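Here is the structure we will look at.
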Amino acid sequence: MKRPYLLTFILYREFVVYNLIFTVAAVPWLIRFGQHSYVTIGWIKIIGFALSATLYWFFRKNRLLFFQNFRLSPWQLLGIALVIDGLQTYVILLIVHTLLP
């Protein structure tokens, strides 16, 4: 596996998978309120991402040294995780939205 893909997978496993909780919490909100709930879902995801990033930063800071050895700064990791989380949320909510009557 190439290095960027391996690092992305490790970052996903270490950090982004915890944001699935907030995505799963957004699905019933979308089902109940429909298309008008996307702004609220966006805020739920932003707050959830900030919360999980803060908790990861304070309680698992030693894990960041692994990524720093690959010359990735914490800000680059945060940006990559934000993009992955955004794509993951978009795909899940798109699937749910297409399945709704």
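Excluded from the calculations below are hydrogen atoms, water molecules and symmetry mates; all remaining heavy atoms, backbone and side chain alike, are included. The structure displayed is predicted, hence computed values, not measured ones.
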What closest approach, in Å, do [X] and [Y] show between heavy atoms, and which atom pair accounts for it?
X	Y	answer
Ser37	Gly34	OG-O, 2.7 Å
Ala50	Thr54	O-OG1, 2.7 Å
Thr89	Lys45	OG1-CE, 2.9 Å
Arg71	Gln76	O-OE1, 3.6 Å

Starting from [Y], can I reach [X] by hopping between I/L/V/M/F/W/Y residues whose side chains sit under 4.5 Å apart?
X	Y	result
Leu93	Ile31	yes
Ile46	Leu82	no
Trp75	Tyr56	yes

- Message: Counting only heavy atoms not in Phe33 (residues, nucleotides, ligands), do more than 12 fall under 6.0 Å from its CZ?
- Response: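 Count over threshold, so yes.
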- Task: Would you sort out whether Phe22 and Leu51 count as a side chain to side chain contact (heavy atoms under 4.5 Å, CB included), showing the intermediate values?
- Result: CA-CA 11 Å; Phe22 297 101; Leu51 179 67; 4.2 Å; yes
- Reported CD1-to-OH distance for the pair Ile44 and Tyr38, which is rounded to 0.5 angstrom: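 Rounded to the nearest 0.5 Å, the CD1-OH separation comes out at 13.0 Å.
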- Message: Rounded at 0.5 Å granularity, tell me how far CG in Leu87 sits from CG in Leu94.
- Response: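 Between Leu87 CG and Leu94 CG, I get 12.0 Å after rounding to 0.5 Å.
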- Item | Trace of the side chain to side chain contact (heavy atoms under 4.5 Å, CB included) decision for Phe49 with Leu78 | CA-CA 10 Å; Phe49 187 84; Leu78 188 65; 3.5 Å; yes
- Leu20 and Asp85, any side-chain heavy atoms less than 4.5 Å apart: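 No - every pair of side-chain heavy atoms lies 4.5 Å or more apart.
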